[in-house]
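Nothing here was measured: the structure is a model prediction, and the numbers come from that model. Read the numbers this way: they start at 1 and go in the same order the structure lists the ligands and their atoms.
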Amino acid sequence: MKVGVPRETVPGERRVALVPEAVGKLTKAGTEVVVESGAGAGSGHDDESYRKAGAAVADRNAVFGADLVVKVQKPSADEIALLRDGAALIATIQPLTNTDAVRALAGKRTTAFSMDAIPRVTRAQSMDSLSSQSNIAGYKAVVVAANSLPKFFPMLTTAAGTVTPARVLVLGAGVAGLQAIATARRLGAVVEAFDTRPVVKEQVQSLGAKFLEIELGEQGEGTGGYAKELSEEAHRKEQELVGTHVKDADVVITTALVPGRRAPILVTADMVRGMRPGSVIVDLAAEMGGNCELTSPGETVVRERVTIHGEVNLPSTVAFHASQLYARNVSALIGLLVKDGALAIDLEDEIIKGALITHQGEVVHAATKAALEKA
Ligand code: NAD
């Protein structure tokens with residue numbers, strides 16, 4: 001079996017799906033790997049390091065001719081056209097919103113697995129790239145904020161007097177939010193956090209942050225441990241709570257997402273107006289429309305004298321480790337798919353069932369099928 005690793009072509013994407021460490025493990029186990037020249041450049045891996053790991057370095061056509069192509073980003077129309085008919089693909093397809101690509105993959109009879117559809121079950125933890133990459137985004141969000149804020153994060157006692165610590169508010173305490181809390185605490189900030197899922201309260205507190213509590217009048221938790229969309233009344237109550245805390249925050253980091261929906265607006269333009277000049281917002285929900293009304297996805301803007309970072313791909317800015325962890329996630333999935341050197345797909349396996357989007361010319365993923373019908 002031959003595995004192909006192309007260079008990512010989305011602007012600003014520096015990650016690669018397999019780093020030499022992961023390639024070495026595959027080649028030692030007898031899998032042939034072909035890497036596109038320059039694929040690892042953005043994450044600090046030159047062609048030579050792939051050759052040393054046992055891979056062949058070749059051009060794009062050769063890589064897309066492999067039995068299994070592994071990518072970070074969703075495949076473009078051009079990339080799908082290059083895939084061999086009936087080959088397999090692993091990528092972050094975002095199948096619910098990327099319906100054209102799903103149709104094209106089915107048309108190519110691709111056996112396509114989406115990393116963002118892997119079920120969040122204990123057995124699949126090693127394959128969970130949503131977690132590995134969110135963790136990085138949460139960390140880097142704090143670094144970005146600290147870099148923009150014209151203040152220290154820690155409290156400092158100096159000969160020139162005492163400096164008070166920065167106040168950080170984290171909205172959404174999933175994987176990214178919890179890492180943001182931990183990183184901001186390590187830098188010495190005073191941290192408050194809120195999430196509509198009350199189960200995260202203990203996790204927030206164990207990181208040394210204060211959990212903000214309100215009676216929403218309903219459960220914020222939907223299925224599979226994810227949040228559900230709040231009713232209008234609960235959303236209004238939440239905005240009220242957020243408003244009273246945003247005005248005292250130096251930094252607001254927002255990570256609130258509801259699967260398949262536009263991100264909820266938690267920080268309104270009015271709230272931004274009420275913040276102190278020089279304060280910073282890092283909106284990790286920018287790609288899904290943003291948690292702040294004034295966020296401009298993919299840009300850093302100054303509005304009402306507040307710097308607002310509309311981050312859409314922070315993991316790419318930590319390309320070395322983001323690629324290393326993504327590669328381990330992909331390798332774990334490959335381990336589940338390959339038996340005796342060939343693809344052996346057990347359609348009854350819970351993880352495979354969850355992540356397999358198209359197979360033998362059909363869209364086989366229930367939620368994706370529903371999204372296609374709606375589209
Ligand atoms: P996510 O990225 O979908 O959302 C981020 C956070 O935003 C969530 O905590 C969500 O509750 C919160 N949120 C949504 N609407 C909000 C609102 N209006 N106000 C405030 N917060 C809001 O979530 P995620 O980080 O991917 O994690 C989702 C779930 O999956 C969590 O329960 C997590 O613990 C779980 N998980 C399980 C595993 C596993 O068992 N292997 C691995 C990773 C995550």
Side-chain angles (χ1 to χ4, degrees), residues 92 94 96-97 114-139 141 169-182 192-204 206-207 209 211-243 245-246 252-268 271 282-293 311-312 314-315 325 328-329 332-333 350-351 354-355 367:
T92 312
Q94 299 177 314
L96 300 186
T97 50
S114 194
M115 291 301 286
D116 56 334
I118 287 176
R120 312 293 280 278
V121 295
T122 308
R123 215 183 115 233
Q125 262 176 0
S126 60
M127 306 168 200
D128 187 351
S129 66
L130 285 179
S131 287
S132 71
Q133 306 302 298
S134 291
N135 202 12
I136 293 172
Y139 156 80
L169 173 65
V170 177
L171 299 173
V175 179
L178 290 170
Q179 184 55 256
I181 294 168
E192 293 182 325
F194 178 70
D195 195 296
T196 49
R197 294 180 301 118
V199 292
V200 300
K201 176 180 168 182
E202 264 178 48
Q203 296 168 42
V204 167
S206 72
L207 293 170
F211 187 74
L212 305 177
E213 299 200 52
I214 43 162
E215 194 40 70
L216 285 176
E218 64 187 65
Q219 269 286 336
E221 182 142 353
T223 47
Y226 285 101
K228 69 173 171 61
E229 200 167 33
L230 296 178
S231 67
E232 238 174 73
E233 173 61 10
H235 185 225
R236 193 192 50 73
K237 279 187 188 163
E238 180 182 3
Q239 279 193 341
E240 246 170 51
L241 169 87
V242 168
H245 291 265
V246 162
V252 180
I253 293 173
T254 67
T255 76
L257 289 171
V258 178
R261 307 263 169 190
R262 190 213 179 280
I265 297 273
L266 305 179
V267 181
T268 62
M271 292 183 204
V282 182
D283 193 341
L284 291 187
E287 202 175 8
M288 293 306 290
N291 291 138
C292 171
E293 204 176 346
E311 298 294 349
V312 290
L314 276 182
L325 297 176
R328 288 181 188 163
N329 298 143
L333 178 59
E350 173 190 22
I351 299 172

- Under the side-chain contact (heavy atoms from CB on, under 4.5 Å) rule, what do Gln94 and Glu287 come out as? Steps first, then yes or no, please. CA-CA 12 Å; Gln94 299 177 314; Glu287 202 175 8; 4.2 Å; yes

- Query: Within the side chain of Asp283, is there an N or O that forms a donor-acceptor pair under 3.5 Å with the backbone of Asn291?
  - Reply: yes

- Message: Is it the case that the side chain of Thr92 and the backbone of Asp116 share a donor-acceptor pair, with hydrogens and angles ignored and the cut-off at 3.5 Å?
- Response: no

- Report yes if some N/O of Val175 lies less than 3.5 Å from some N/O of ligand 1; otherwise report no. yes

- Query: Taking it one step at a time, do Lys237 and Glu240 satisfy salt bridge (Lys or Arg N to Asp or Glu O under 4.0 Å)?
  - Reply: CA-CA 5 Å; Lys237 279 187 188 163; Glu240 246 170 51; over 6 Å; no

- Query: Can a non-hydrogen atom of Thr196 be found less than 4.0 Å from any atom of ligand 1?
  - Reply: yes

- Note on the structure: Taking only non-hydrogen atoms of Gln125 and a 4.0 Å limit, the atoms of ligand 1 in range are 39 (C), 41 (N)

- Task: Return the residue, atom name and 0.1 Å-rounded distance of the protein heavy atom closest to atom 5 (C) of ligand 1.
- Result: Thr255 O, 3.2 Å

- Task: Using distance alone, determine whether Gly174 and ligand 1 share an N or O pair under 3.5 Å.
- Result: yes

- Task: Examine distances only and state if a side-chain atom of His245 and a backbone atom of Ala193 form a donor-acceptor pair shorter than 3.5 Å.
- Result: no

- Message: Given Val282, which partner from the list Ile253, Val252, Thr254 fulfils the side chain to side chain contact (heavy atoms under 4.5 Å, CB included) test?
- Response: Ile253

- Query: Any donor-acceptor pair under 3.5 Å linking the side chain of Ser206 with the backbone of Gln203?
  - Reply: yes

- Message: Can you report which non-hydrogen protein atom sits closest to atom 20 (C) of ligand 1, along with the distance?
- Response: Glu238 OE2, 3.3 Å

- Item | Donor-acceptor contact below 3.5 Å, side chain Gln239 vs main chain Ile265 | yes

- Task: Please state which part of His235 comes within less than 4.0 Å of ligand 1, counting heavy atoms only: side chain, backbone, both or neither.
- Result: neither

- Message: To the nearest 0.5 Å, what is the distance between CG on Leu207 and CD1 on Ile181?
- Response: 6.0 Å

- Query: Is there a donor-acceptor contact under 3.5 Å from the side chain of Arg120 to the main chain of Gln125?
  - Reply: no

- Message: Considering both backbone and side-chain atoms of Asp195, is one of its nitrogen or oxygen atoms within less than 3.5 Å of a nitrogen or oxygen in ligand 1?
- Response: yes

- Flag Thr122 as yes when one of its N or O atoms lies below 3.5 Å from any N or O atom of ligand 1, and as no otherwise. no

- Message: I'd like the name of whichever of Ser134, Ala256, Ala285 reaches closest to atom 13 (N) of ligand 1 through any heavy atom.
- Response: Ala256

- Message: Geometry only, no angles: is Arg120 polar-contacting ligand 1 at N/O separations under 3.5 Å?
- Response: yes

- Please identify which atoms of ligand 1 are closer than 4.0 Å to at least one heavy atom of Arg197. 8 (C), 9 (O), 10 (C), 11 (O), 31 (C), 32 (O)

- Which residue holds the protein heavy atom closest to atom 43 (C) of ligand 1, what is that atom called, and what is the gap in Å? Ser131 OG, 3.0 Å

- Query: With a 4.0 Å cut-off on heavy atoms, does Val199 reach ligand 1?
  - Reply: no

- Query: Does atom 35 (C) of ligand 1 have a protein heavy-atom neighbour under 4.0 Å away?
  - Reply: no

- Query: When you measure from the side chain of Ser129 to the backbone N and O of Ser132, does any donor-acceptor pair fall under 3.5 Å?
  - Reply: no

- Hey, is Ala173 one of the residues with a heavy atom under 4.0 angstrom from ligand 1? yes

- For atom 29 (C) of ligand 1, which protein heavy atom lies nearest, and how many Å away is it? Gly225 O, 3.4 Å

- Item | Side chains of Asn135 and Gln179, donor plus acceptor under 3.5 Å | yes

- Looking at Asp128, which atoms of ligand 1 are within less than 4.0 Å of one of its heavy atoms? 42 (C), 43 (C)

- Message: Please work out, at 4.0 Å between heavy atoms, whether the side chain, the backbone, both, or neither of Val258 comes within that distance of ligand 1.
- Response: side chain

- Note on the structure: min-distance protein heavy atom vs atom 1 (P) of ligand 1 -> Leu257 CB, 4.1 Å

- Task: List the steps, then state whether side-chain contact (heavy atoms from CB on, under 4.5 Å) holds for Val175 with Asp128.
- Result: CA-CA 11 Å; Val175 179; Asp128 187 351; over 6 Å; no

- Element-labelled atoms of ligand 1 that are located less than 4.0 Å from some non-hydrogen atom of Pro264: 18 (N)

